[in-house]
Amino acid sequence: MAVSMRDLDPAFQGAGQKAGLEIWRIENFNPVPVPKSSYGKFFTGDSYVILKTTASKSGAMRHDIHYWLGKDTSQDEAGVAAIKTVELDAALGGRAVQYREVQGHETEKFLSYFKPCIIPQEGGVASGFKHPEAEKHKTRLFVCRGKHVVHVKEVPFARASLNHDDIFVLDTESKVFQFNGSNSSIQERAKALEVVQYIKDTYHDGKCDVAAVEDGKLMADPETGEFWGFFGGFAPLPRKTAGDDDKATDSRPLKLLCIEKGQAEPVEADSLKRELLDTNKCYILDCGFEVFVWMGRNTSLDERKSASGVADELACGIDKLKPQIIRVIEGFETVMFRSKFDSWPQTADVTVSEDGRGKVAALLKRQGVNVKGLLKAVPVREEPQPHIDCTGHLQVWRVKGQEKIILQASDQSKFYSGDCYIFQYTYPGEDKEDCLIGTWIGKNSVEEEQASANSLASKMVESMKFLACQARIYEGNEPVQFYSILQSLIVFKGGLGEGYKTYIAGKEIPDETYDENGVALFRIQGSGPDNMQAIQVEPVASSLNSSYCYILHNGPAVFTWSGNSTTAEDQELVERMLDLIKPNLQSKPQREGSESEQFWDLLGGKSEYPSQKILREAESDPHLFSCHFSKGNLKVTEVYNFSQDDLMTEDIFILDCHLEIFVWVGQQVDSKSRMQALTIGEKFLEHDFLLEKLSRVAPIYVIMEGSEPPFFTRFFKWDSAKSSMLGNSFQRKLTLVKSGGAPLLDKPKRRTPVSYGGRSSSVPDKSQRSSRSMSVSPDRVRVRGRSPAFNALAATFENPNARNLSTPPPVVRKLYPKSVTPDSAILAPKSAAIAALSSSFEQPPSARETMIPRSLKVSPVMPKSNPDKIDKENSVSTRVESLTIQEDVKENEVEDEEGLVIYPFERLKITSTDPITSIDVTKRETYLSSAEFKEKFGMSKDAFYKLPKWKQNKLKMALQLF
């Protein structure tokens, strides 16, 4: 499309460069900017142009242009608004979607910009803006319709305007009444209350009473009697009659018209196909309630204006339908438009628009116009964040038929592609302990076990009264939350379950299950010690990639391979994973381009391999949908410009983030629909309503109202008190509107967060909450970040005579230190300590313990150096029991001047022969008296805790307190 400055109105220069709204009113046939303070105020005698600019996560600016026509606007002003909309699109590069909005028939997208509603005022620029009398309040009656956005229309103040199907708002001088028709829904009533609040704030300065009147309620209710008093007393309401605002049924077939020389000519075709649209022409698709104008990329500005005029004439000729007109540009068609065609090819995003956008920017720049923001910004790829506390407690089960088998802590991060797994992760929430229960489905697992895994997980959630969040995750599509929970994940080929063994036997497929003595190749990936994975791949050269590091082994022969595009951080992850896959063995480092012959022989010889990193798809802008699921059919309605207030407790909603979807279930949803939440999510992925190529194996989260996890609430400006209120949607909002007081909550008071793995019961700071890895000093020898599973596994190999020679020996101060005597290995072997630790992971907590955390004090198992001193307290059974909660106060405790329990320094050291057992082992220094603390550390406790965490740890290590 050729663009010249004479086509661009000066009022539009610089428009669309920032996210937000921009509004122009047509005055004397020219667009004039409207002050921001007047946004949302429309006059019935005027026409407006509204630009909505949205900054997408990719950095690009998206534009929607609306022109709003008041019911009393002139035909000439309406025509100018339509033409100026086309010009504004040209100024923005010619790819905006344009909407015609007629007063009383606005699109939901348009109304969502001005929540809770718009109430046009009488008058306009041509009539001198006649404002209502300010001295005397005028009693008005409004009808409200809509579940997600509210269409508000003023109707005659008369009993005849009322009916049983709609909701009405009566605005009087001292009180605002909401009349709920008996056939109206709870959701509509709740949304109408937002209009009541708007009227109260806008026309009464927030100083008036509010009353809700139920249709059919007896006159004995004072507020009901007062309401009917304005209408001369109660009388039966008439049955609703069809009016102009009620949509008429339209059974006409779709019609495609081609615009030739200002005339619409029918296009003859058996079915609608994309091939019918010529890039050099404009077309009109008449769908009855909606009229689309399609503009080819090579059409001129005059041709587009002409097509818009023809569409306006067509819409005006349809009396009862009052259709909406939507104009789209080739390559940027809306989902609704594409869905009208029998076939629409799936193509990549159109990039030609950037060329036209660049030409417009260059043209405007020569005219001295600031074009910053007009060109597409270069997206900044950020590492995705887990948005979940990673200091919690993890349990993992492998699915075996219709049962689940709990895994030892050392095996919790080892998954097989032929199996299915269930995990339960409990972690500190905002005011209670939160829980995530999920399934991991291996690529080669059998359908029976996949169904069994989902069923078992659903029963676990149900047993916890649906207070846990449920996740369905497929191998290869794991979200960052999953990686961060497991921290060090290994995915082996093959499977251990009977289902997998039976399947490959029936198909006569060779068993590829991982053999630690055979040849195996692992790709190492991740962002750090608390998020790293080893994925077993085919042991051939084509599996290599220059952007990754790999581990290759054949029994005792171990190689590490680093691609030329890898970083030092990538290579460090290899060393960490080597400790899990092949501990105690010396590896042979291989650098890309200088590999040994033995390395290539194990891979079957050299071959070509890729060099580009496998990039995780960027997170896209979320979309919210309300859902209705009945008899296997799913119907959805998009909620535009959504907020937390759009989540109605009676409904099910889906938050579509493209890479993953969330199914939110309100507290008032019936039990049958609640049990179908996962199925609803699967149906949504299947239908792909936005035609965005959703993956059928994308992660699905099922979230119950009141138990929303942080990785869901981050998409909202979240107030947890709202999701914990009592009553239905209408009752909740009525409480807030009438009293303006705090919501009535159905939740316990904040409890002290539980401590995990011997951590302090206090809330961890940001550095502590980010990982379960140990805090270390930069001056120490590098210590690998460890999850509980890692610790239990690695501890078995921490023998000084058999350490991993491929890395420096880690200096780790463990909860279970070795005795200072040579005989301690006999008295208390490490396997006993590991068994005690593992048993704590393997015991599934009860539902009550899961949801109601208690502060824990973990006692380390301390073997005595003298066998004669071993008594009942140091027996194996007692040592295992010492891991349980201890709430009693120990005898012989001494308190300092501040009332805190103190112990001698020698008994607090990790090498003590007579250690204290009932303390927080991560805070040993806090049990020193103030005098002894200053003597040992050379400073007061207050000064010590102002030091950086790493420096605190360094000092504690020097004193053998860490």
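FYI, the numbering just counts along the sequence from 1. Hydrogens, waters and symmetry mates play no part in the numbers below; they use all other heavy atoms, side chains included.
A salt bridge links Arg472 with Glu682: at least one charged nitrogen is closer than 4.0 Å to a carboxylate oxygen. Look at Glu516 and Lys582 and you find no salt bridge, because none of the NZ, NE, NH1 or NH2 atoms lies under 4.0 Å from a carboxylate O.
Checked by atom type, the side-chain pair Ser546/Glu592 shows a donor-acceptor distance below 3.5 Å. Checked by atom type, the side-chain pair Gln450/Ser445 shows a donor-acceptor distance below 3.5 Å. Looking only at atom types and distance, the side chain of Thr567 has a donor-acceptor partner in the side chain of Glu569 under 3.5 Å away.
Counting only heavy atoms from C-beta outward, the side chains of Leu521 and Leu544 approach each other to under 4.5 Å. Cys390 is not listed as a side-chain neighbour of Asp530, based on a closest heavy-atom distance of 4.5 Å or more. Between Lys588 and Thr560, the closest side-chain pair of non-hydrogen atoms is not below 4.5 Å. Between Leu407 and Arg398, some side-chain heavy-atom pair lies under the 4.5 Å cut-off. Side-chain atoms of Ile654 and Val663, non-hydrogen and from C-beta on, do get closer than 4.5 Å to each other. Under the 4.5 Å side-chain criterion, counting only non-hydrogen atoms from C-beta, Ser695 is not in contact with Tyr474. The shortest distance between side-chain heavy atoms of Ile700 and Phe684 does not fall below 4.5 Å. Residues Lys613 and Thr566 fail the side-chain proximity criterion, which asks for heavy atoms closer than 4.5 Å.
Residues satisfying the ring-ring contact (aromatic ring centres under 6.0 Å, His included) test with Tyr550, not counting sequence neighbours, are Trp561. With sequence neighbours excluded, the residues that form a ring-ring contact (aromatic ring centres under 6.0 Å, His included) with His687 are Phe689. Listed by chain and number, the residues in a side-chain hydrogen bond (donor to acceptor under 3.5 Å, both in side chains) with Ser562 amount to none (sequence neighbours excluded). Applying the side-chain hydrogen bond (donor to acceptor under 3.5 Å, both in side chains) criterion to Arg274, with sequence neighbours excluded, gives Glu330. Here Tyr483 pairs with nothing under the ring-ring contact (aromatic ring centres under 6.0 Å, His included) rule; sequence neighbours left out. Evaluation of the ring-ring contact (aromatic ring centres under 6.0 Å, His included) rule for Phe341 yields Phe337, Trp344 as partners, not counting sequence neighbours.
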- [ ] Start with the C-alpha gap between Cys469 and Phe712, add the side-chain angles, then the distance that decides, and say whether side chain to side chain contact (heavy atoms under 4.5 Å, CB included) holds.
- [x] CA-CA 10 Å; Cys469 172; Phe712 171 79; over 6 Å; no
TODO: Could you walk me through whether Leu394 and Gln412 pass side chain to side chain contact (heavy atoms under 4.5 Å, CB included), step by step?
DONE: CA-CA 8 Å; Leu394 175 68; Gln412 285 183 347; 3.9 Å; yes
Open item on the list: Arg62 vs Asp621, test: salt bridge (charged side-chain N to carboxylate O under 4.0 Å, His left out). Steps then yes/no.
Closed with: CA-CA 11 Å; Arg62 295 202 315 267; Asp621 299 305; 2.9 Å; yes
Open item on the list: Using the rule given for side chain to side chain contact (heavy atoms under 4.5 Å, CB included), can you reason through Ile551 versus Val574, listing the C-alpha separation, both sets of side-chain angles and the distance that settles it, and then say yes or no?
Closed with: CA-CA 7 Å; Ile551 294 175; Val574 171; 3.9 Å; yes
Task: Verdict with supporting geometry, Ile406 and Trp397, side chain to side chain contact (heavy atoms under 4.5 Å, CB included) - done: CA-CA 4 Å; Ile406 194 166; Trp397 295 263; 3.5 Å; yes
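Shown are Lys443, Lys493, Glu475; of these, the side chain to side chain donor-acceptor pair (under 3.5 Å) with Ser417 is made only by Glu475. With Phe423 as the fixed residue, the ring pair (Phe, Tyr, Trp, His ring centres under 6.0 Å) test singles out one of Phe482, Trp440, Phe415: Phe482.
Ser455 places no side-chain N or O within donor-acceptor distance of the main-chain N or O of Ala451, the cut-off being under 3.5 Å. Formation of a donor-acceptor pair under 3.5 Å by the Ser458 side chain with backbone atoms of Asn454 is found in this model. The closest donor-acceptor contact from the side chain of Thr502 to the backbone of Glu498 lies under 3.5 Å. Counting only distance, with no hydrogens or angles, the side chain of Gln590 and the backbone of Ser596 share a donor-acceptor pair below 3.5 Å. Although no hydrogens or angles enter the test, the distance criterion places no donor-acceptor pair under 3.5 Å between the side chain of Ser587 and the main chain of Pro589. Checking side-chain atoms of Asp419 against main-chain N and O of Leu496 turns up a donor-acceptor pair under 3.5 Å. Lys404 contributes no side-chain N or O that, together with a main-chain N or O of Ser452, makes up a donor-acceptor pair within less than 3.5 Å. No side-chain donor-acceptor contact under 3.5 Å links Asn531 to the backbone of Gly528. His553 contributes a side-chain N or O that, together with a main-chain N or O of Gly518, makes up a donor-acceptor pair within less than 3.5 Å. With hydrogens and angles disregarded, a donor-acceptor distance shorter than 3.5 Å links the side chain of Asp688 to the backbone of Lys693.
No more than 12 heavy atoms of other residues, nucleotides or ligands lie within 6.0 Å of NZ in Lys400, so this atom counts as exposed by the packing criterion.
Below 30°, between 30° and 60°, or above 60°: for Tyr701 and Phe711 the angle between ring planes is between 30° and 60°, a tilted geometry.
A distance of 6.5 Å separates CG of Leu489 from CD of Glu478, quoted to the nearest 0.5 Å. Rounding to the nearest 0.5 Å places CE of Met532 at 6.0 Å from CZ of Arg576. Rounding to the nearest 0.5 Å gives a distance of 8.5 Å between CD1 of Ile441 and CD1 of Ile422. Taking CD1 of Ile485 as the start and CG of Leu436 as the end, the distance is 5.0 Å to the nearest 0.5 Å. Here Gln424 contributes atom CD and Ile437 contributes atom CD1; the two are 4.5 Å apart, rounded to the nearest 0.5 Å. In this structure, the separation between CG on Leu659 and CG on Asp656 is 9.5 Å, given to the nearest 0.5 Å.
Residues Ala520 and Gln536 share a closest heavy-atom pair of CB-NE2, 3.8 Å. The two residues Gln598 and Ala557 come nearest to each other via the heavy atoms NE2-CB, 4.4 Å. Among all heavy-atom pairs drawn from Ala534 and Ile524, the shortest one is CB-CD1, 3.6 Å. When all heavy atoms of Pro479 and Glu660 are compared, the closest pair comes out as CB-OE1, 3.5 Å. Nearest heavy-atom pair across Ser607 and Ser542 is OG-N, 3.3 Å. The two residues Leu602 and Val519 make their nearest non-hydrogen contact at O-CG1, 3.9 Å.
Ring centroid separation for the pair Tyr425 and Tyr427 comes in under the 6.0 Å cut-off. Between Tyr416 and Tyr500, the ring center distance fails the sub-6.0 Å criterion. For Phe522 and Tyr514, the gap between ring centers is short of 6.0 Å.
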